[in-house]
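Nothing here was measured: the structure is a model prediction, and the numbers come from that model. When a ligand or atom number is given, it counts from 1 through the structure's own listing order.
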Amino acid sequence: MLGRVLVVDDEKNITFVVQAMLERAGFEAIVFNDSVEALDALAVEDVDAIVTDLYMPGPGGMEILEFCHKNHPQVPVVIITAYATVESAVSALKQGAFDFVTKPFDQTDLLNVVQKAVATHRQRQKEPIIYFSQSDQKGVNSSSVSSVENLSGSISSMIGSSIQMQEIFKVISKIAHSPSTVLVWGESGTGKELVAFEIHRNSGRENKPFVKINCAAIPATLIESELFGFEKGAFTGAVASKPGRFELAHEGTLFLDEVGEMPLEMQVKLLRILQEQEFERVGGVHTIKVDVRIITATNKDLESEVKLGRFREDLFYRLNVVPIYLPPLRDRKEDIDLLVRYFLLQFNQKLKKGITGLTPETLNALKSHSWPGNIRQLENVLERMILMCDGTILTAEDLPEEFSAWITQKTPEASLEPASLKQIVRKQTQSLERDLIEKALEETRGNVTRTAEKLGLSRKGLQLKMKELGLKRQFE
Ligand SMILES: Nc1ncnc2c1ncn2[C@@H]1O[C@H](COP(=O)(O)OP(=O)(O)OP(=O)(O)O)[C@@H](O)[C@H]1O
Ligand SMILES: [Mg+2]
């Protein structure tokens, strides 16, 4: 017997045909024409796959799917539906159905799908699966979360169980209420902006504005008017007066992102406002006083920028009153577990999917990656995996291409026909090269010339390597 399949359809003709076909192919078929009876049976029977009609009197295919999710999350559910309802079948897939077949169906099509479903179930049974149920929200929302907001709230929470993150949560709660300037630093994607916002939310200023300005995104010539505002006629094009970000942030928080990119002449002006909390609009004569909490962030090492003469020393000390360093994800891999769990819940909701867990193999692969783009990269990878996943469980096959070396070594096919040592070394080297190049590209924000310098390659050499590894520049 190849496997046990439970079939439920209110039309006897259909169950008759399906049963005959499955039995001929070597499966055991347990057949129901009443969905309540099918659900009762599912409570006690072990099956390898379920084939269910979508619309039936009483509970329909979606209820069967939901029941299986809760009680047998490893069992694939195949939905049969009429042509007219393909749309609902698609939504069933989003809810985690294994596949669907439209009526009238071709017998070989259905058989193929069932064979795949049964094989998937057998494979899943070999591997224990780590399940993330919705009730895990409580587990996640404990001391490992810095905010009180619920996980589905529009404001994202900061997650982290590592000692480093626990320390950061402590610092945030200690300093949030003070007016002191904070400098958050760390690699790209480590959560600097999230830290800034967490401080604001716990500062007592949370009902006042949180205003952000990205110093790298605004041309040097415009930073001053963006920060301080301008009066009508201050320059060509200033047809009306406009308040700057400092005024907009009055009584709230101003977040100066990528402060390391601020031109030197602006640094002087910033220093003055930090010392006096007052300024004039561009072209204005009135002095404006504001009460603003300043939080800055950078992915540069400002101390070396100071040594190189690119950042004013006095401003650095002024900003660095409370330094918060966010370590890269590869230095706090313990957080990956919790982050994966958290993003699964988030993306299930956002993408209307019903992913219930992932295989330990997949989690291990995620944990052994070096994550040059840090949490942002992990978040993006998971979103893509969840979006593309056809089943209810993320497996190694759902991992993106950059994990291919890892997958090739781990899949059963690969172990049947072991790759040559040369192949393995080549894959490993490529994966290492890919990580190094990605990281350097992140650091130079996609600048190929500087990346090549960093890696000791010629520009042409780097381009060839990137082509070979299928790497693209994906930066702002
Ligand atoms: N500890 C965390 N818990 C949950 N989500 C996080 C955490 N840290 C970062 N993220 C998420 O990762 C993404 C990147 O975070 P954020 O934008 O704060 O990073 P950043 O350090 O400011 O990056 P960049 O230097 O590129 O601006 C965001 O979507 C954020 O919500
Ligand atoms: Mg940022």
Would you list the atom pairs, donor with acceptor, under 3.5 Å between side chains in residues 456-466 and any protein atom, with sequence neighbours excluded?
| unit_1 | atom_1 | unit_2 | atom_2 | d |
| --- | --- | --- | --- | --- |
| S458 | OG | G461 | N | 2.9 |
| R459 | NH1 | T449 | OG1 | 2.8 |
| K465 | NZ | E433 | OE1 | 3.4 |
| K465 | NZ | E433 | OE2 | 3.3 |

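For I159, a nitrogen or oxygen atom sits less than 3.5 Å from a nitrogen or oxygen atom of ligand 1, counting backbone and side chain alike. An N or O contact shorter than 3.5 Å is missing between E258 and ligand 1 by distance. At under 3.5 Å, a nitrogen or oxygen of L194, whether backbone or side chain, sits near a nitrogen or oxygen of ligand 1. Checking only distances, K192 does come within under 3.5 Å of ligand 1, N or O to N or O. For D257, no nitrogen or oxygen atom sits less than 3.5 Å from a nitrogen or oxygen atom of ligand 1, counting backbone and side chain alike. Annotation: G191 places an N or O atom under 3.5 Å from an N or O atom of ligand 1; distance criterion only.
Salt bridge absent: E443 and R450 never bring a charged side-chain N and a carboxylate O closer than 4.0 Å. A salt bridge links K289 with E278; the closest basic N to acidic carboxylate O contact falls under 4.0 Å.
Assignment of G189 to the shell around ligand 1 is supported, since a heavy atom sits closer than 4.0 Å. The shortest separation from a heavy atom of N374 to ligand 1 is not under 4.0 Å, leaving the residue out of contact.
Residues T190 and N374 have side chains that never bring a donor and an acceptor to within less than 3.5 angstrom of each other.
With sequence neighbours excluded, the residues forming a salt bridge (charged side-chain N to carboxylate O under 4.0 Å, His left out) with E261 are K300, listed by chain and number.
Aromatic ring centres of F311 and F316 lie farther apart than the 6.0 Å criterion allows.
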Inset, instruction - Walk me through it: do K353 and F347 pass the test side-chain contact (heavy atoms from CB on, under 4.5 Å)? - result: CA-CA 7 Å; K353 299 280 270 194; F347 290 128; over 6 Å; no

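At a heavy-atom cutoff of 4.0 Å, ligand 1 is contacted by the side chain of E379 but not by its backbone. At a 4.0 Å heavy-atom cut-off, ligand 1 touches L339 through the side chain alone.
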